[in-house]
Each structure stands twice: as C-alpha cells, then as structure tokens.
Amino acid sequence: MGDRLSDRVVVVTGGAGAIGKAVARRFLKEGAQLLLVDHDEAALAAAANELDSGAIATFAADVTRSEDNQAMFAAAIERFGGVDVFLANAGIEGRVAPLTDYDEDEFERVLAVNVKGVFLGIKHAVPVLANRGGGSIVITSSVAGLQGTAGVGAYTTSKHAVIGLMRTAALEAAPHKVRVNTVNPAPVYGRMMESLEAGLTPGDATATRSALESRIPLGRYAEADDIASIMLFLASDDARYVTGSVYVSDGGLTA
C-alpha cells in the first residue's frame with residue numbers, strides 16, 4: 001500500500017476494460033477513490049464486484065454525449081466531493097478493412113468514441129479539476145498514433161488525433177494547473193487485440209500475434225498493469241512538471 005494518490009478522486013472512462021480495471025487496482029493501492037465509467041452496465045457491475053472496494057463507484061455513460069460527460073463528473077463530485085484526475089481511456093478498435101472498403105458510418109463511429117469522447121471529457125474535466133486547484137488528465141492513445149497501420153485506418157487516425165488534442169489541451173489548461181499527457185501502449189493483451197488479430201488474419205489470429213510479438217524487442221505484448229504503472233506516474237505528483245508529453249510504453253516497438 002502507498003499514498004501517492006491519497007484522497008485523490010479519479011474518473012476513468014473505459015473503466016470495465018482491461019486497462020481500466022488494472023488502473024483501478026493500482027490506484028486503489030495508492031489511496032485513490034475512483035469512479036469507473038463505461039457504456040456497458042453489466043461489465044461495470046462485474047468490474048466493481050471483482051475490485052470489491054468501498055472506494056469504487058460506477059457510472060454508465062456514452063462518452064460521445066456531452067450530457068453524459070457532464071453527468072459523470074457531477075456523479076463523482078456528489079459521491080467523493082470533487083475530481084483530481086481524469087483518465088480518458090474509453091476506446092474502440094473498429095473493423096479491419098482497407099480504407100477503400102471502409103464503411104463511412106463505422107469510420108465516424110470510431111472517431112466519435114475515440115476522438116469526440118476525449119474532446120468532451122477534456123471539455124468538462126478541466127473546469128472541475130481547476131476547481132480543486134489543478135490536477136492531471138491522462139489520455140490513452142496508442143503506438144498506432146505514432147505510425148501507420150494498414151487495415152485499421154479509423155483507429156490509427158483517432159489515435160493520432162488525440163495527441164493533437166492533448167497538446168492543445170496542455171497549453172490551454174496549464175494556467176489552471178491542469179496537466180495533460182498521453183500514454184501510447186503497444187498492443188495490450190485483452191479483448192481489443194484479440195478482435196484485431198482475428199480481423200487481420202481471419203482464421204489464424206495466432207499468426208498476427210506471433211508476427212507482432214516478433215517485432216517487439218522485449219518479445220511480448222504489454223500487460224494492462226504495464227500501462228497502469230505509467231498512468232500512475234502521470235496522475236501523481238511525481239509528474240508535477242510533466243505536461244504536453246507523449247509517453248510510449250511499447251517494449252521498444254517504435255525504437
């Protein structure tokens with residue numbers, strides 16, 4: 001047990017996913033209180049049951065709706081008294097297809113969750129964090145935000161876009177003592193990568209995993225806990241002079 005986040009209130013979107021739950025486990029050990037947000041109420045209930053802590057609350061929301069973003073911060077304030085850290089972690093991968101075959105509605109859906117959702121989260125988070133004297137916003141991007149990836153054009157576009165959002169937000173939020181950074185993971189073991197693997201090599205998902213892992217100098221995908229460790233640093237006072245930065249956690253993939 002530590003105290004790096006003692007009495008800090010943290011809102012996490014995508015809270016029922018692998019990274020969201022890993023963040024919750026890690027942050028709880030450091031004294032945080034957390035509101036986990038997700039669109040899937042059943043998955044949220046399962047996550048809360050798994051984490052089994054009185055310092056966890058849940059809120060079902062659609063991050064693409066402004067009113068839902070506003071409501072989730074209001075819920076955190078009502079339950080815990082304020083918000084100090086916002087993790088914009090909700091995201092979807094979309095289908096795997098070349099750009100020439102990509103469905104327009106699907107492209108818009110991916111950008112709505114992965115980009116508009118981050119924009120709306122920042123829009124409503126900054127005043128709330130500023131009201132507490134400052135805080136930290138951490139955005140989940142990806143190594144796909146640093147390079148091109150054939151077949152996942154919508155996802156790749158979205159993860160590039162949130163880096164631009166982050167840099168703008170970091171400049172605008174600095175006078176309010178709100179820091180904004182991205183974390184850019186390599187592939188992470190879990191549902192999203194299983195979906196992408198199946199789409200990239202239908203009928204032989206293990207081929208994609210083997211090929212990708214062979215390109216990573218450390219020889220494996222990231223564990224969700226690896227990403228939670230970087231997020232803990234950025235959420236804490238250890239990163240009090242860090243804003244506007246891209247934190248890559250990729251096992252050397254982009255070296």
Side-chain angles (χ1 to χ4, degrees), residues 1-38 47-48 50-53 55-56 83-91 114 118 121 125 129 134-146 159 162-163 166 169-170 178-194 209 212-213 215-255:
M1 299 292 289
D3 62 358
R4 294 167 75 184
L5 297 178
S6 180
D7 299 322
R8 305 283 176 88
V9 179
V10 183
V11 172
V12 184
T13 62
I19 292 176
K21 290 190 291 186
V23 163
R25 284 190 293 269
R26 191 68 182 274
F27 284 28
L28 284 171
K29 292 179 181 178
E30 296 291 339
Q33 299 170 304
L34 296 103
L35 180 74
L36 300 185
V37 179
D38 205 285
E50 179 183 338
L51 293 162
D52 190 24
S53 170
I56 290 281
V83 180
D84 304 285
V85 178
F86 171 49
L87 268 61
N89 174 63
N114 295 3
V118 173
L129 270 61
S136 174
I137 296 174
V138 182
I139 302 164
T140 304
S141 182
S142 168
V143 290
L146 304 173
K159 294 305 181 178
V162 295
I163 294 174
M166 174 274 291
V178 175
R179 300 179 292 101
V180 192
N181 298 280
T182 65
V183 175
N184 293 56
V188 178
Y189 293 116
R191 184 214 60 79
M192 182 179 287
M193 274 313 300
E194 290 170 0
R209 177 169 296 194
L212 285 172
E213 289 186 326
R215 292 172 51 204
I216 299 172
L218 291 184
R220 64 172 176 86
Y221 285 2
E223 300 281 357
D225 285 345
D226 297 327
I227 311 310
S229 295
I230 303 295
M231 291 178 167
L232 172 60
F233 164 70
L234 291 172
S236 75
D237 287 342
D238 291 342
R240 61 188 175 274
Y241 198 59
V242 177
T243 195
S245 295
V246 174
Y247 273 73
V248 182
S249 181
D250 70 350
L253 179 61
T254 57

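Heads up: numbering here begins at 1 and tracks the sequence. Heavy atoms only: backbone and side chains are in, while hydrogens, waters and symmetry mates are out.
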Determine the minimum heavy-atom distance between [X] and [Y], stating which atoms define it.
{"X": "Ala90", "Y": "Gly14", "result": "CB-N, 3.7 Å"}
{"X": "Arg179", "Y": "Ser236", "result": "NH2-O, 3.2 Å"}
{"X": "Leu234", "Y": "Tyr247", "result": "CD2-CE1, 3.8 Å"}
{"X": "Ala144", "Y": "Lys159", "result": "C-CB, 4.2 Å"}
{"X": "Leu212", "Y": "Pro187", "result": "CD1-CG, 4.4 Å"}
{"X": "Ser53", "Y": "Leu28", "result": "OG-CD2, 3.6 Å"}

Show me the side-chain donor-acceptor pairs of residues 17-27 shorter than 3.5 Å, one per line, residues at least two apart or across chains.
| residue | atom | partner | partner atom | Å |
| --- | --- | --- | --- | --- |
| Lys21 | NZ | Glu50 | OE1 | 3.3 |
| Arg25 | NH1 | Glu50 | OE2 | 3.3 |
| Arg26 | NH1 | Ser229 | OG | 2.5 |

Is [Y] close to [X] at the side-chain level, that is, under 4.5 Å between some pair of heavy atoms?
{"X": "Met166", "Y": "Val118", "result": "no"}
{"X": "Leu232", "Y": "Leu5", "result": "yes"}
{"X": "Asn114", "Y": "Val162", "result": "no"}

Next on the checklist: Can you confirm whether more than 12 heavy atoms, excluding those of Arg240, are under 6.0 Å from its CZ atom?
Outcome noted: no

Next on the checklist: Quick check on Asp225: does its CG atom have over 12 non-hydrogen neighbours (other residues, nucleotides or ligands) under 6.0 Å away?
Outcome noted: yes

Between [atom1] of [X] and [atom2] of [Y], what distance do you get to the nearest 0.5 Å?
{"X": "Asn181", "Y": "Thr243", "atom1": "CG", "atom2": "OG1", "answer": "5.0 Å"}
{"X": "Thr13", "Y": "Leu36", "atom1": "OG1", "atom2": "CG", "answer": "10.0 Å"}
{"X": "Phe86", "Y": "Leu35", "atom1": "CZ", "atom2": "CG", "answer": "10.5 Å"}
{"X": "Ser141", "Y": "Ile163", "atom1": "OG", "atom2": "CD1", "answer": "4.0 Å"}
{"X": "Ile56", "Y": "Leu51", "atom1": "CD1", "atom2": "CG", "answer": "5.0 Å"}
{"X": "Asp226", "Y": "Ser249", "atom1": "CG", "atom2": "OG", "answer": "5.5 Å"}

Item to check | Criterion side chain to side chain contact (heavy atoms under 4.5 Å, CB included) against Met231, the qualifying member of Val85, Val10, Leu87, Val12 | outcome: Leu87

Could you tell me whether a side-chain N or O of [X] sits under 3.5 Å from a main-chain N or O of [Y], the two making a donor and an acceptor?
{"X": "Asp250", "Y": "Val143", "value": "no"}
{"X": "Glu30", "Y": "Asp3", "value": "yes"}
{"X": "Asp238", "Y": "Phe233", "value": "no"}
{"X": "Thr182", "Y": "Asn184", "value": "no"}

Checklist outcome for this item: Contacts of Asp237 meeting salt bridge (charged side-chain N to carboxylate O under 4.0 Å, His left out) (sequence neighbours excluded), chain-then-number -> Arg8

Next on the checklist: Under the criterion side-chain contact (heavy atoms from CB on, under 4.5 Å), I'd like the reasoning laid out for Val246 against Leu146: C-alpha separation, chi angles, the key distance, then a yes or no.
Outcome noted: CA-CA 10 Å; Val246 174; Leu146 304 173; 4.2 Å; yes

